[in-house]
Undergrad: 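Can you keep this structure in mind? I'll have questions shortly.
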Amino acid sequence: MNPQDKQSAVLVVGAGVAGMQAALDLADMGMKVYLLDRAPVIGGAVAQLERTLPEGQSSSCEVGAMFDAISHHPNIELITNADLQGISGEQGSFEIAIKKRAFRVTEKCDDCGACYQVCPVKPYNTFNEGLTLRCAIDHQNYSFLPLIYNIEKETPACQETCPVHIDIRRYVGLIAEGKFLEALQVIRERNPLPSICGRVCHHPCEGMCNRGQQDEPIAIEKLKRFAVDYEMNLRRQGLLPKLSAPKKPTKEKVAIVGAGPAGLTCGHDLAKLGYEITIFEKESVPGGMLYLCIPEYRLPRDVIEYDVAFIRDLGVDIRLGTPIGKELTLDDLRKQGHKAIFLGIGAHKGLKLRVPGEDEFEGFIDCIEFLKRVNLGDKSKPGKRVIVIGGGNSAVDSARVALRLGCDEVYILYRRSRKEMPANEWEVEEAEHEGVQIHYLAAPVKILGKNGRVTGMECTKMKLGKLDASGRRRPIPIKGSEFTIEADVIIPAISQQPDISFLSEVHGLEISRWDSFVIDERTMQTNLPDVYAGGDAVTGPATVIEAIAAGHRAASGIDRYLRAR
Amino acid sequence: MNEKRGLPSVGVFVCRCGVNIGGFLDTPALVEYAKTLPGVVFAKENLYTCSESGTAEIKKAIQENDIQRVVVAACTPLTHEPLFRAICQEAGVNPYLFEFVNIREHCSWAHMKEGEEATKKAKDLIRMGVARAIELEPLESIEAEVEPSALVIGGGISGLVAAASLAERGFRVALVEREGELGGMLRHLYKLYPSDVPAEEVLKPWRDKVIDNPLVDLYLESEVISVKGYIGNYDVVIKSPEKEIPLKAGVIILATGAQLWEPPEGLYGYNKKDVITQLELESLLMKGKLKADKVVMIQCVGAMSPERSYCSRICCVTAIKNAILIKELNTAASVHILYRQMQAYGDEYESYLRRAKELGVRFVNFSPEQSPVVENQQVKVYHQLLGRELTLPFDLLVLSTPLVTQRGSEALATLLKVPIDQDGFFLEAHIKLRPLDFSTDGIYLCGCAHYPADVGEAVSQALGAASRASIHLTRGYIKVEPIVSSLIDEKLCQGCGLCAGLCPYGAIEMVDTSEGKKARIISVACKGCGICAASCYCQAIRLSHYTREQLEAQIRALLSA
């Protein structure tokens with residue numbers, strides 16, 4: 001750093017009387033002063049006092065003069081409602097990081113005072129040392145500086161945790177007040193697939209719910225389902241107005257590849273912003289993995305249709321059975337006038353087991369293949385005895401579906417213990433209850449076959465060793481513990497990758513070694529400026545709510561990109 | 001110009017102050033009334049005139065209605081006049097064309113239960129305010145250059161610290177010390193509480209900084225004999241043993257310290273041999289000449305008495321410190337401290353007190369009605385808790401006497417025209433908001449000259465005073481409020497000098513002219529108190545913003561009802 005870069009500016013941390021006086025003296029000397037305080041207003045403890053020692057002067061009369069001097073001092077810049085985050089550098093050239101909380105009342109406020117008379121939220125009044133209640137919106141004191149109203153608001157743990165940051169507190173509160181449709185409006189602000197998420201979201205919000213420390217967390221997911229069901233019933237009874245005709249788009253055309261949760265969300269957001277959206281979907285149904293992979297007993301098809309209808313209603317054109325590939329390439333989409341393309345193709349290609357015999361015998365069916373087939377209407381039995389390999393939701397779903405199709409015996413083989421199993425705990429429990437036999441700490445060694453068909457599998461028992469990169473204990477085979485399970489069908493469910501075979505040979509996109517798209521995480525932009533990607537196609541197999549979050553981010557990235565052009 | 005009567009157009013803003021005014025006075029009626037007053041072209045009420053929206057309305061009204069005089073009927077000028085003046089300025093109206101009418105303290109609060117009468121009174125006050133506003137004149141603030149140097153009076157620890165830190169900022173400092181050596185009281189102290197560091201260790205680095213800094217001019221064995229001028233521009237004369245030296249200074253820091261009250265011979269047997277003061281004990285400890293097995297200390301000797309009603313603050317911890325030092329020299333020695341109230345405040349001094357108790361120092365509380373009696377090498381004291389008299393034989397009796405004002409303080413106060421309190425200590429401008437300033441701009445104080453302080457406090461105050469003083473020195477100019485006196489016509493002045501004698505800020509000097517002696521007002525030093533204007537027999541002095549015309553208009557308006 002050059003000496004001429006040295007700043008003649010001072011940061012004063014804390015705007016009580018000491019901080020205020022220091023700021024005034026320094027500013028009077030001609031220095032630029034930043035006066036920082038955590039509170040929305042300055043004045044500190046002294047301003048809270050009625051009178052001060054020793055002469056019994058009213059404190060506001062004493063600090064009031066300071067307020068006036070500070071508010072009109074050209075050299076003092078107030079930074080209130082903010083926290084000091086860090087200091088780096090050295091004397092003469094400190095770099096300060098400050099986190100400022102939002103003031104939620106703008107300068108349009110007319111000081112009418114109506115808000116705080118009706119505000120129902122009553123936190124403790126810190127100004128009065130918590131002896132009384134105040135409302136969440138308040139001005140601290142008339143004679144304070146700056147003279148502002150402020151809404152005291154922290155982000156609740158649930159909202160913070162939710163990948164799309166639904167205002168959970170608000171919608172749960174509205175449900176408690178019986179305002180079910182209003183609650184649903186709040187959910188839809190951030191989540192365009194509420195019916196789906198009301199049923200299959202893995203709801204990390206509940207894990208963080210403070211109520212859980214008391215007894216049980218608030219049933220956030222089920223409350224969401226309730227709100228949607230309520231609306232669904234009213235609509236079916238014809239008690240709600242029909243969805244209105246879509247508005248005419250006013251902005252550029254954007255193409256979305258894949259009608260899964262990421263693509264649907266991205267299309268939803270962009271359509272609301274006025275873009276003309278076409279979603280190209282390879283399969284004959286919308287919803288992507290939600291439709292193809294999640295069994296109907298977990299997520300009824302009409303529920304998917306219900307959410308999709310809302311998105312269609314925004315004017316989003318969902319073209320089913322329209323794969324992107326040789327017939328219709330990304331370049332063709334560009335030629336059609338699409339100014340940006342979002343790739344939400346999911347991760348549909350199952351990984352191989354890489355054990356001897358895998359390519360030798362018939363009787364293998366990948367879990368995604370299997371679930372897709374069933375969900376699209378083929379209800380035939382895959383075989384008599386089925387082994388599913390893996391511990392995720394797809395594995396458990398496959399096993400339960402196989403059982404429900406009438407297979408005699410269904411096994412799940414998982415190489416770690418139940419604690420490490422990524423599938424939802426309640427799904428595993430239900431699967432066991434239905435009769436799925438789960439072998440924990442077991443892994444395939446060799447596929448056994450006869451006459452070209454699978455007859456069973458040789459397995460080995462495992463033990464858990466040291467933690468690996470994923471934070472889980474690495475399974476190690478126990479020598480001599482081999483055993484055999486007889487089976488005629490083997491369903492590997494050990495993870496999936498995006499299927500990028502649809503891309504032309506010279507697509508120019510940066511692809512990771514797991515065949516996923518490489519993107520800028522803030523904008524979801526790929527290395528091609530007009531191509532964006534998100535969801536499983538970027539992260540590998542993940543959750544629906546994460547895909548929705550990715551859709552939101554991509555939509556805002558595309559919007560900014562198109563507006564900047 | 002107001003079309004009604006050729007008067008300047010006046011805007012009146014009536015504040016409801018929430019319920020503070022609106023809850024007691026009929027503010028809509030006040031607005032309607034204001035509209036009927038001569039000159040008023042606009043009147044409105046606000047919920048809070050001082051709020052962002054209230055001040056925005058003033059600005060808007062000024063611009064839309066071509067308002068030339070602004071009257072706000074609200075609370076006290078003490079807190080909000082600067083705000084409204086600034087608003088006027090931002091809207092393009094000279095800030096001194098603003099008149100504040102206090103209908104809160106003077107009406108709604110004073111007459112809460114007589115709403116109707118209070119409303120009537122508010123109308124009177126608003127009428128008076130409007131009448132005066134019409135007579136107001138625009139004023140421009142006064143600027144003057146600041147001589148970038150300082151005079152520090154006193155070479156004790158606070159004077160040294162103040163001088164060193166001003167010189168470190170690059171300003172020339174004249175440091176005047178009456179004695180032949182720097183260091184003041186600290187030269188006579190052995191070790192300092194609560195860390196027991198030798199006083200010399202604290203003193204030396206500051207003294208070296210002052211001696212080594214070429215920007216500090218030292219005047220030892222010298223006194224300030226004349227100070228003339230005002231902030232930014234003082235003419236000082238220093239009398240050194242050799243000659244009188246004139247010099248210029250922009251600011252003055254007063255750090256003359258205090259002295260220990262010496263008891264009269266015979267008080268508690270005071271004889272400077274086996275009955276001594278704490279300061280004399282320090283000297284014994286410093287020379288290593290202390291020989292005593294039975295030590296008794298009496299606190300508050302000559303303090304908290306009718307003559308010196310204040311607590312000297314430092315004597316309790318000094319006694320504790322010296323008791324600890326005695327105990328550390330000779331564990332077997334018995335030390336009793338007879339006290340009235342133990343002032344060992346704060347965590348640090350509190351634990352220091354505990355340490356003394358752990359070392360076996362005995363603390364005996366006495367009441368002033370039953371003061372200890374000394375006779376035959378014994379102290380007799382009534383023990384409050386035991387309920388009986390104790391007899392404590394001693395071979396050394398130490399009297400803790402208070403710090404009192406430095407000799408010559410009064411003369412210095414007259415010279416600098418700064419106030420002193422009933423005990424002779426210098427009086428700050430405001431006990432909390434301006435503790436290191438005098439009410440006269442440009443003069444600052446620190447250390448025991450203000451009030452008994454320990455070394456840590458004196459150093460803090462000195463750093464603070466230097467910092468306050470360097471505001472003006474750094475900026476290089478001062479800007480003062482233009483509400484000042486001026487001579488209407490030099491011919492009117494008879495040169496009696498009454499005004500110059502009465503001026504509390506030294507802002508008037510008598511100068512010789514061809515027409516004889518005449519008063520000359522130093523606007524920069526004038527505080528606008530108006531004493532000169534009120535006392536001038538010849539009505540030769542006029543105080544701007546409070547002119548005869550303005551006040552008369554106000555009084556006429558009151559009587560016109």
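So you know, we letter chains A, B, ... as the sequences are listed, proteins then strands, and number each from 1.
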Undergrad: Would you say CD of E140(B) has more than 12 non-hydrogen atoms from neighbouring residues, nucleotides or ligands within 6.0 angstrom?
TA: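 No.
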
Undergrad: For chain A, which residues from residues 429-439 of chain B lie under 4.5 Å away (heavy-atom distances)?
TA: H430(B), I431(B), K432(B), L433(B)

Undergrad: Which residue out of V46(A), V63(A), L53(A) racks up the most heavy-atom pairs below 4.5 Å with chain B?
TA: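 Among V46(A), V63(A), L53(A), the one with the most close pairs to chain B is L53(A).
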
Undergrad: Hey, which residues of residues 89-110 of chain B are touching chain A, say heavy atoms under 4.5 Å apart?
TA: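 Listed by number: E90(B).
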
Undergrad: Tell me, yes or no, whether the heavy-atom count around E145(B) atom CD, taken from other residues, nucleotides or ligands under 6.0 Å, exceeds 12.
TA: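 No, not enclosed.
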
Undergrad: Determine whether R85(B) and H72(A) make a side-chain contact, defined as any pair of heavy atoms from C-beta on separated by less than 4.5 Å.
TA: no

Undergrad: When I471(B) is tested against each of L26(A), D25(A), L24(A) for side-chain contact (heavy atoms from CB on, under 4.5 Å), which residue passes?
TA: D25(A)

Undergrad: So does K479(B) have more than 12 non-hydrogen atoms from other groups sitting under 6.0 Å from NZ?
TA: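 It does not: K479(B) NZ has 12 such atoms or fewer within range.
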
Undergrad: Quick check: are there more than 12 heavy atoms from other residues, nucleotides or ligands sitting under 6.0 Å from NZ of K179(A)?
TA: no

Undergrad: For the residue pair S470(B) and M29(A), what are the closest heavy atoms and their distance?
TA: OG-CE, 3.6 Å

